[in-house]
Amino acid sequence: MSTASLNRAFALLLWRDLVLALRRRTELLNPLLFFVLVTTLFPLGIGADPALLSAIAPGIIWVAALLAAMLSLDSVFRSDFEDGSLEQFLISAQPLSVLVLAKVVAHWLITGLPLLIVAPLLGLLLHLSGASIGALLLTLLLGTPVLSLIGAIGVALTVGLRRGGVILSLLVLPLYIPVLIFAADAVASSGAGLPITAHLSLLAALLVLALSLSPLATAAALKISLS
Amino acid sequence: MLRFFHQLGSPKHFYRIAGSWIPWLAAVCGLLMLYGLYQGMVVAPTDYQQGDSYRIMFIHVPSAWMSLFIYVVMAAAGAIGLIWHMKLAEVIAISSAPIGASFTFLALVTGSIWGKPMWGTWWVWDARLTSELILLFLYLGVMALYGAIDDKRTAARATAILAIVGVVNIPIIHYSVEWWNTLHQGPTVTKFGAPSIDIRMLIPLLVMAVAFKLFYLLVVLMRARVEVLERERNARWVRELVEAP
Amino acid sequence: MTAEVMDHGLEARGLGCVRNDRQLFADLSFCLCPGQALILEGRNGSGKTSLLRILCGMRQPDDGQLCWNGEDIFRLGPEYHAQIAYVGHRDGVKQDLTATENLRLARGLGAPNPAFGIDAALDQVELWEHADSLARNLSAGQQRRLALARLLVTWAKLWILDEPFTSLDSLGIGIVESLFANHLAGGGMLAVTSHHPVSLNDADIIRINLST
Amino acid sequence: MSGVQEFFHMGGYAVYVWSSYAIALVVLVANILVPVFQRRKLLARLARRQRRERRQP
């Protein structure tokens, strides 16, 4: 079980998920469309006053990004569970947490990262200032991997259930709150010209914590769900 | 002492031992609560600032302490159940969840009622109340997951993982809510705390805190006994028990 | 495949399994040594699949212990998993990947078998001409053979198979049985459940019936 | 106002104090009663099952 075979397995699984996603290219758009759609609902509900919109834009965009990330979590293990490949991961020669990390990174690249492409457009939609959009991109870059990592734990716990989707949000959303608080406030503060280094370092700390702990929890959860 | 734990480990002995403790626990807990309430409602003086409304504190603060205490106990019991495969620890963990949720709900309701005379609104986004609300969601998540999985053993081990993940996140959520609260609270930070603690106010608070801990032990043993009966329903000792209760 | 002399395979001591509080089997002990095949029989729902999942280390036995070369398999973890290959009811084949890609993945997850390249493995199960077609376009029998080809690309001493012959035609069964024979001859081990009689002519077979 | 009336008046905050204590009482009592009823229901169910098992040969 040398590190070479470990890296190869990691890269192989990452390659596999990216290839699978590209072969079903249309599904790549779903999280993005959801993200844009939810964000455009708010002005329709709240009114189009630019001052009001730009004040609440950071919160809206981040809540929408958070929901988009959560809704796309189901794809992380569902298809593997149904065709039996998840069992193959459990009995592979590589530690399960490394394989889980590969799958989560792939999920982030497929669903989390693309949110950054659309975010500036939504920023303009809600009259965000230039500095805020910059902060929005930075916080999304740091925040979305944390959403995928923590979400993977919830998905692993509910993968065996017939209707796990509803419970997934109850398990995962409370754990998303710190990311939402720091990220949304970073975007708001940068709009007001305040420094956001504190926010970004806290988000980075959450990312490091999630990177080191959540694959272990996800692996343990998978072993239990599949036992 | 080791024999005791070994004996406690077997469901049959646990059922009998827990059963023998329950009446005593109920008595002591009831007495303590009555004494605490008497001290709190009669002996404790009126507060010069809040008048008598602060007396809600004798319920609100202990329940808030209990909501956190029970979650930690639940996560610890879950971890023990996971690592050492102790059935009893799993049963204790899963029996604690509903009790923790009730104390969290109680802390939330009494907190908002207590806040009404002070701020004029039923709900205030104070740091502690918001943390309690999120803790309630964590409890509901644990209970929902346990309910969703059919096989009891798998359900208990899955909820143990969720409880452990939750307990790691509680301090993070707490401090992020504190941070969020100081940002949006503006200059006048209203200290949602009890008034300057006069000794006659502190005693009932501590007495109630101990009474609540005994109450938790009482109810968790009662619930655990039912759970053990359910899990061991095919065992011989349960069949005998059902024949001659 | 050279058989290591010193190891003495899989040993079960007093295995027990309970599923939603029905005792499937209890106090099951056996020793599977190199060159031997364990054939599990029993009615549906008698716990055959649960036992196989315990052998794979995917499920904890409710009591008893399972040792590989004298070491508890749950303490070995991935080290034990590197020595086994499992094909369950579900093939574990990704529909949107080609046959070659599926095998490349399986090879990466296990301990790669130097003796068998992907093309050689496909040739063994007569899927060589479908190497680049998506698994989606293969028939159920071909997908089953692709799943079984996974056994060849990794160097696994112990093959654990749940109904390997499902949806295989008689030709397919013949191919798979010859794979078993070679594996056992090379000092490998086999644990299989099958409603179809498994004809392993001269192999050393242990039969366990779970429903008696 | 006599001592007792004053006690219940709670310095004008009677509504808040006594509603909190009422809710607390309900929650605590519920926590006690739920396991009692669950145990009774379970024992009854098991007894019925065992009677049914005895009846079959």
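In what follows, chains are A, B, ... by sequence order, proteins preceding strands, each numbered from 1. These numbers come from the heavy atoms of this one structure, side chains and all, not from hydrogens, waters or symmetry mates.
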Would one find more than 12 heavy atoms of other residues, nucleotides or ligands at under 6.0 Å from atom [atom1] of [X]?
X        : atom1 : result
B:Trp84  : CH2   : no
A:Phe34  : CZ    : yes
B:Phe105 : CZ    : no
B:Lys116 : NZ    : yes

Using non-hydrogen atoms and a limit below 4.5 Å, what part of residues 96-112 of chain A faces chain B? none
Indicate the atoms forming the closest heavy-atom contact of [X] with [Y], along with that distance.
X        : Y        : value
B:Gly141 : A:Leu171 : O-CD2, 3.3 Å
A:Ala220 : B:Ile161 : CB-CD1, 3.5 Å
A:Arg162 : B:Asp150 : NH1-OD2, 3.8 Å
A:Leu157 : B:Ala158 : CD2-O, 3.6 Å
A:Ser227 : B:Thr154 : OG-CG2, 4.1 Å
B:Phe137 : A:Leu170 : O-CD1, 4.2 Å

Interatomic spacing from [atom1] in [X] to [atom2] in [Y] - rounded to 0.5 Å:
X        : Y        : atom1 : atom2 : value
B:Ser176 : A:Asp185 : OG    : CG    : 11.5 Å
A:Ile224 : B:Arg153 : CD1   : CZ    : 10.0 Å
A:Leu175 : B:Ile172 : CG    : CD1   : 9.0 Å

Winner by heavy-atom pair count (cut-off under 4.5 Å) against chain A, out of B:Leu138, B:Val168, B:Val142, B:Leu145: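 When all of B:Leu138, B:Val168, B:Val142, B:Leu145 are compared, B:Leu145 has the most.
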What option among A:Leu202, A:Ile153, A:Leu161 has the most heavy-atom pairs under 4.5 Å with chain B?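 Max contact count across the listed options: A:Leu161.
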Looking at chain B, which one of A:Leu206, A:Ile181, A:Thr158 has the largest number of heavy-atom pairs inside 4.5 Å, strictly under? A:Ile181
Sort B:Asp151 into side chain, backbone, both or neither according to what part of it lies under 4.5 angstrom from a heavy atom of chain A. neither
Need one label for B:Leu135: side chain, backbone, both or neither, based on atoms under 4.5 Å from any heavy atom in chain A. neither
Test log, rule ring-ring contact (aromatic ring centres under 6.0 Å, His included), inputs B:Trp180 and A:Phe182: CA-CA 8 Å; B:Trp180 165 82; A:Phe182 294 136; over 10 Å; no
Measuring heavy-atom distances to chain B, does A:Leu209 have an atom under 4.5 Å in its side chain, in its backbone, in both, or in neither?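 Contact with chain B is through the side chain of A:Leu209 alone.
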